[in-house]
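Worksheet for the structure shown next.
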Amino acid sequence: MNYTQEELLAIAQKFETTGSITGIKPLGPGFINDTFIVKTEGRDASRYILQRKNHLIFPDVPGMMKNIELVTAHIRKKVTEAGGDPLREVLTVTCRKPETMTAMEKEDPAGHLYYKDEHGNYWAMCLFIEGSVTYEKADTPLLCYKGGEGIGRFQAQLSDFTTPLNETIKGFHNIRWRFSQWDESIARDAAGRVKDLAEEIGWIDSRREEMMAFWCMVENGTIPTRVTHNDTKISNILFDDKGDVLCVIDLDTCMSSTSLNDFGDAIRSYTNTGAEDDRNLDNVNMSPDMFKAYTQGYLSQRKGNLTDSEIENLAFSARYITYEQVLRFLMDYIDGDKYYKTAYPGHNLVRTHAQYRLLQSMEAQYAAMKNIVEEYAK
Ligand SMILES: Nc1ncnc2c1ncn2[C@@H]1O[C@H](COP(=O)(O)OP(=O)(O)O)[C@@H](O)[C@H]1O
Ligand SMILES: [Mg+2]
């Protein structure tokens with residue numbers, strides 16, 4: 001739903017800003033991502049980011065905001081200790097004005113971090129980091145390197161974070177859970193498509209054991225659990241005007257998991273020479289240069305601090321995450337295209353094939369990927 005300027009101003013005014021609010025406008029091309037920029041004037045006036053949080057994707061917005069508060073407080077301490085700028089090198093969450101809070105909100109341990117409006121939508125605010133730059137696509141090895149460096153630094157800053165975080169998205173990257181959904185989906189055969197998919201289902205079945213073996217190492221602690229970002233795309237990293245990483249943003253998905261999932265997901269998206277739904281499979285490949293650049297950037301921040309099991313399985317995590325995506329696209333196709341938005345009939349099957357080609361490319365280059373990891377982990 002669209003909000004009027006007056007409604008948006010009233011929402012922004014629930015939060016504690018320095019300076020009085022003078023304007024609010026959508027950031028980026030329209031209302032797509034529900035991000036607004038709030039202008040204030042007066043002494044110490046700053047700009048702010050106001051966001052409507054998608055509670056359909058994140059059913060527990062209070063839990064999510066609590067995670068963000070804990071994680072950013074931890075990073076802020078690290079940045080300050082290192083002599084950095086705590087207002088630019090980490091997100092600063094803006095709290096509610098106490099006088100706008102109800103008694104119930106005051107009792108809620110996350111009540112100061114969000115506002116729930118009369119339509120049931122959740123809003124949160126943070127400081128706008130001035131002079132920052134974002135990129136939509138990591139299309140050069142240098143940006144790939146910087147992306148790896150940004151996520152690596154984020155993980156390094158949180159390597160001694162021990163407070164349990166809320167699991168805001170259940171079963172994220174948990175292949176055991178995905179397989180249970182998968183088995184049900186095949187048995188249900190909701191769209192009557194299973195009979196035509198013997199080959200594609202074979203791709204999933206033939207790798208099931210090795211994928212479970214990886215996840216078992218996470219479950220039994222062989223691969224440690226750390227704080228992970230879970231949405232590592234380049235547009236979630238802010239850079240300064242010299243092109244250096246300032247901080248990682250969009251912390252909505254921040255949870256505990258294996259840090260390898262962040263690595264694998266970044267490799268899946270950064271290194272693909274084609275599109276996620278490329279119809280021309282010849283376009284799709286894992287670029288070894290991009291892999292090398294991301295790995296180098298990531299390990300520049302993490303080498304010496306990862307366990308042997310993490311180093312050993314880092315390259316495999318790219319196969320794991322890509323495989324999971326093949327499974328998810330194919331499962332949605334089998335279910336009758338219920339989850340992913342499709343632009344044309346068969347779109348999910350096209351995506352399945354394109355991600356499978358990427359997986360095959362990773363499998364073919366796996367030995368080289370492992371060598372690259374070993375080289376930069378030294
Ligand atoms: N604190 C901030 N300072 C400066 N720019 C920001 C800030 N937060 C978000 N942005 C900009 O807004 C964009 C969208 O914000 P993000 O939190 O990533 O939302 P989404 O969930 O829509 O991706 C970012 O890519 C960045 O360009
Ligand atoms: Mg984002």
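Numbering of ligands and ligand atoms starts at 1, following listing order.
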* Any idea which atoms of ligand 1 are less than 4.0 Å away from a heavy-atom of Ser132? -> 4 (C)
* Asked: N/O/S of Asp231 less than 2.8 Å from the Mg ion (ligand 2)?
  -> no
* Asked: Do any of the N, O or S atoms of Ser235 sit under 2.8 Å from the Mg ion (ligand 2)?
  -> no
* **Any donor-acceptor N or O pair under 3.5 Å, side chains Arg178, Gln181** => yes
* Using a heavy-atom cut-off of under 4.0 Å, does the side chain or the backbone of Asn236 touch ligand 1, or both, or neither? -> side chain
* Please could you name the atoms of ligand 1 that Gln51 approaches to less than 4.0 Å, counting only its heavy atoms? => 15 (O), 16 (P), 17 (O), 19 (O)
* Structure fact -> So the atoms of ligand 1 within less than 4.0 Å of a heavy atom of Leu27 turn out to be 11 (C), 12 (O)
* **Axial cation check for Tyr333 ring with Arg193, 6.0 Å and 45° limits** => yes
* Please check if any side-chain donor atom of His229 sits under 3.5 Å from a side-chain acceptor atom of Gln155, or the reverse. => no
* **ligand 1 atoms in contact with Cys126 (distance to a heavy atom under 4.0 Å)** => 1 (N)
* **Sub-6.0 Å ring centroid separation between Tyr344 and His347** => yes
* Go through ligand 1 atom by atom and flag the ones less than 4.0 Å from a non-hydrogen atom of Leu91. => 1 (N)
* Are Lys66 and Glu69 within salt-bridge range, i.e. N to O under 4.0 Å? -> yes
* Contact (N/O only, under 3.5 Å) between Asp252 and ligand 1 -> no
* Taking atom types as modelled and ignoring hydrogens, do the side chains of Thr92 and Arg76 form a donor-acceptor contact shorter than 3.5 angstrom? -> yes
* Asked: With backbone taken as N, CA, C and O and side chain as the heavy atoms from C-beta onward, which portion of Leu127 lies under 4.0 Å from ligand 1: side chain, backbone, both, or neither?
  -> backbone
* Heavy-atom contacts with Thr134 under 4.0 Å: which atoms of ligand 1 show up? List them by number with element. => 25 (O), 26 (C), 27 (O)
* To do: Return a yes/no value for Glu136: is any of its N or O atoms, backbone included, closer than 3.5 angstrom to an N or O of ligand 1?
  => no
* To do: Provide the atom name of the closest N, O or S atom of Asp250 relative to the Mg ion (ligand 2).
  => OD2
* Asked: Of the options Glu375, Glu312, Glu363, which is the one that meets Lys370 in a salt bridge (charged side-chain N to carboxylate O under 4.0 Å, His left out)?
  -> Glu312
* Answer side chain, backbone, both or neither: which part of Ile129 comes under 4.0 Å from ligand 1, heavy atoms only. => both
* To do: May I ask you to say whether Glu105 pairs ionically with Lys14, meaning some side-chain N is under 4.0 Å from a carboxylate O?
  => no
* Asked: What about Leu299 and Ile234, same hydrophobic cluster or not, with Ile/Leu/Val/Met/Phe/Trp/Tyr joined at side-chain heavy-atom distances under 4.5 Å?
  -> yes
